[in-house]
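We count ligands from 1, going down the list as the structure has it; atoms in each ligand are counted the same way. Note that the coordinates shown come from a computational prediction; the quantities given were computed from them, not determined experimentally. Numbers for residues simply follow the sequence, beginning at 1.
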Amino acid sequence: MSHLRLQLAAAIMALAVAAAAAGFEFNEATVDAIQLGFNNGSVTSKQLVLFYLDQITRLNPLLHAVIEVNPDALAQAARADAERATGHRCGPLHGVPVLLKDNIATRDRLNTTAGSLALLGSVVRRDAGVAARLRAAGAVILGKSNPSEWSSFRPLTNSWSARGGETLNPYVLSATPCWSSSGSAVAAAANLAAVTLGTETDGSIICPATWNSVVGIKPTVGLTSRAGVIPITPRQDTVGPICRTVSDAVHVLDNIVGYDALDAEATGESSKYIPLGGYGQFLRMDGLRGKRIGIPNGFFTKEKYGKKQLSMYEKHIALMREHGAMVIENIGTTENQTEVKNHLFEIDLVAMKAEFKLSLNAYLSDLLYSPVRSLADVIAFNNAHPKEERLKDFGQTFLTDSEKTNGIGPRENTVLKILNEISTDGYEPRLIEMAYAFEQATKVRRMPRFKH
Ligand SMILES: *[C@@H]1O[C@H](CO)[C@@H](O)[C@H](O)[C@H]1NC(C)=O
Ligand SMILES: *[C@@H]1O[C@H](CO)[C@@H](O)[C@H](O)[C@H]1NC(C)=O
Ligand SMILES: *[C@@H]1O[C@H](CO)[C@@H](O)[C@H](O)[C@H]1NC(C)=O
C-alpha cells in the first residue's frame, strides 16, 4: 500500500471516529443521554421527534402500540430547541418526546378516547394534571398510545381497542403484551418514544412492563393526579411511567408527582410521601443491600411457570442475595389471607363496578363536547356498533353490570372495608433502590427482535 493510501485510510478512520463521537445513538437513548446530546450539540429535539416518527411509521403497522401521533410534535420540538439555544434553564424532560396512554386527556389536536370509538370527537376542558406537568417541564407530546381500557374492559385480559386494534409483543409476536397499558410498554420497548406514561387499576402498568422488558412504576394512588384521566375507579387508578431504564422512569416520576386541586383529596393525602429532593437520590448501586424481600408461599411454582422461567427466577433470587438482600421464601399466609387472595378479584369487582359508573359519568359530563354523556350512552353506542366494538368476542358485561349498580351501598361498603384492611403502604424510594441495583447488576434488557 502506498504512503498516500495509508494516510488516506488513516484520515478516513479518524473521520469515522469523530463522526461516531459526535453521532448520537438514537436506539435505547436514555433521558440523561438525550440531555447530554442536547448540550454537546449531537442531537436536537426535532431530530429525536423525526427518529421516533420514523420508528412509528415503520413498526406501528405491525405492533399497533400507537393510536395517534401529535401533528404539533415537530413544532413543539422546534420550540424546545429554540428555548435551549437562548440559554433557557432546562430540566431533564425538556425537549424529550413522550407518549401518553390514550385515556390521559390533552387539550390539543389529539383525541382522548380510551381506545373507544364512542369518544371520538369528544373535547376535553383541559390537559390532564399529569399532561399539564409534562408540558410545563418542556416535554414534547409525541402522541397517544393504544389502550385497552374500558372500551374493551371485557374481559380484562386482552390488549385490544376498537380504535387501535390489537397490540403485539415486540419480543414474541404471538405472546400477549398484557393488559391495558401495553401500548405504552411496547412503544418504550421498541423505541417508538423516549419515555411513556401508562395507567393502572389492576396490574395494567406492572404486567405489560414485565412482559415487554421495560420498567414500570405503579405509584401509590394519589401520588400522581388522576384529573383528566378516563377513570375506572378513583380508589385504585394511578398514572405512572413506563420506560426503558429505572433512571428514565424516575425522571418521569419526579415530574408528574404532586398536588392537584382537581384531584385534591388523593393528591393532598399522598403528597407527604414525596421525598425532599426527588427520587433520583434513590438510584443506588447498593440498593439491594439490607433489604428484606418476602416471597409468599405458592407464588412462583413449577405448576404455574415453565422450567426456563423457574431457573431464571432462581438465578435472580441468588443475585439479590449476592447483593446483600435478605430473601425470605415460602412465607406462609394465614387462612384468612389466602381466602382474601383467592377471592380478591371478585371482591374488588363488586366495589369497582359501582365506582366505575359514578366516575365515568362524572368524566363524561364534564367534557366540553361529547357524543356520549353517560355509561348508558356508551353501552347503547356499543350495541349500535357491534362489529367495530367486537361485541361478539368480548361482550360488555362489565359495563352492563356496572350500569345496574346504584352508588356505594352496604354491599360495597363491606367489600371496601376488607380492601382497606389488606392494603398497606408501598413505598417508592425502597422499590426504586432495589430496582436500580437489580438493573445495574443484571443489565438484563435487550432490544426486541420481533420473533414469530
Ligand atoms: C454527545 O453526547 C452523546 C450522549 O448523549 C454521546 O453519545 C456523544 O458521543 C457526545 N458527542 C460529543 C462530540 O461529545
Ligand atoms: C382525532 O379524531 C378525528 C376523527 O374524529 C381525526 O380526524 C383526527 O385526525 C384525530 N386527531 C389526530 C391527531 O389524529
Ligand atoms: C379470620 O376472619 C374471621 C372472620 O372475619 C375472624 O373472626 C378471625 O379472627 C380471622 N382470623 C385471623 C387469624 O385473622
- Among N40, N39, L36, T30, whose heavy atom sits nearest atom 2 (O) of ligand 1?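 Nearest option to atom 2 (O) of ligand 1, by heavy atoms: N40.
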Taking atom types as modelled, is there a side-chain donor on [X] or [Y] under 3.5 Å from an acceptor on the other?
X    : Y    : answer
T106 : K144 : yes
T113 : R163 : yes
N146 : T167 : yes

Around [atom], find the nearest protein heavy atom and jot down its residue, atom name and distance.
atom                    : value
atom 5 (O) of ligand 2  : L120 CG, 3.6 Å
atom 6 (C) of ligand 2  : N111 ND2, 4.2 Å
atom 12 (C) of ligand 2 : E68 OE1, 3.2 Å
atom 13 (C) of ligand 2 : R109 O, 3.3 Å

- Which distance, rounded to the nearest 0.5 Å, do you find between the CD of E68 and the CD1 of I141? 13.0 Å
- Message: Return the CG to SG distance between D202 and C207, rounded to the nearest 0.5 Å.
- Response: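 Answer rounded to 0.5 Å: 11.0 Å.
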- Message: Would you call the rings of F398 and F356 parallel, tilted or perpendicular, taking 30° and 60° as the class edges?
- Response: tilted
- Task: Show which atoms of ligand 1 fall inside a sub-4.0 Å distance from at least one heavy-atom site of A33.
- Result: 4 (C), 5 (O)
- Note on the structure: Note: ligand 1 atoms sitting under 4.0 Å from heavy atoms of F24 are 5 (O)
- Are I205 and I242 close enough that some pair of their side-chain heavy atoms sits under 4.5 Å apart?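 In contact.
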- Establish whether atom 9 (O) of ligand 2 and some protein heavy atom are separated by less than 4.0 angstrom. no
- Message: So for ligand 2, is R163 a polar contact partner (N or O within less than 3.5 Å, distance only)?
- Response: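 So ligand 2 has no N or O lying under 3.5 Å from an N or O of R163.
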- Can any side-chain N or O of D102 pair as donor or acceptor with the backbone N or O of A114 at less than 3.5 Å? yes
- Of all the atoms in ligand 2, which lie at a distance below 4.0 Å from a heavy atom belonging to V69? 13 (C)
- Query: At a 4.0 Å threshold, what atoms of ligand 2 neighbour a non-hydrogen atom of P71?
  - Reply: 13 (C)
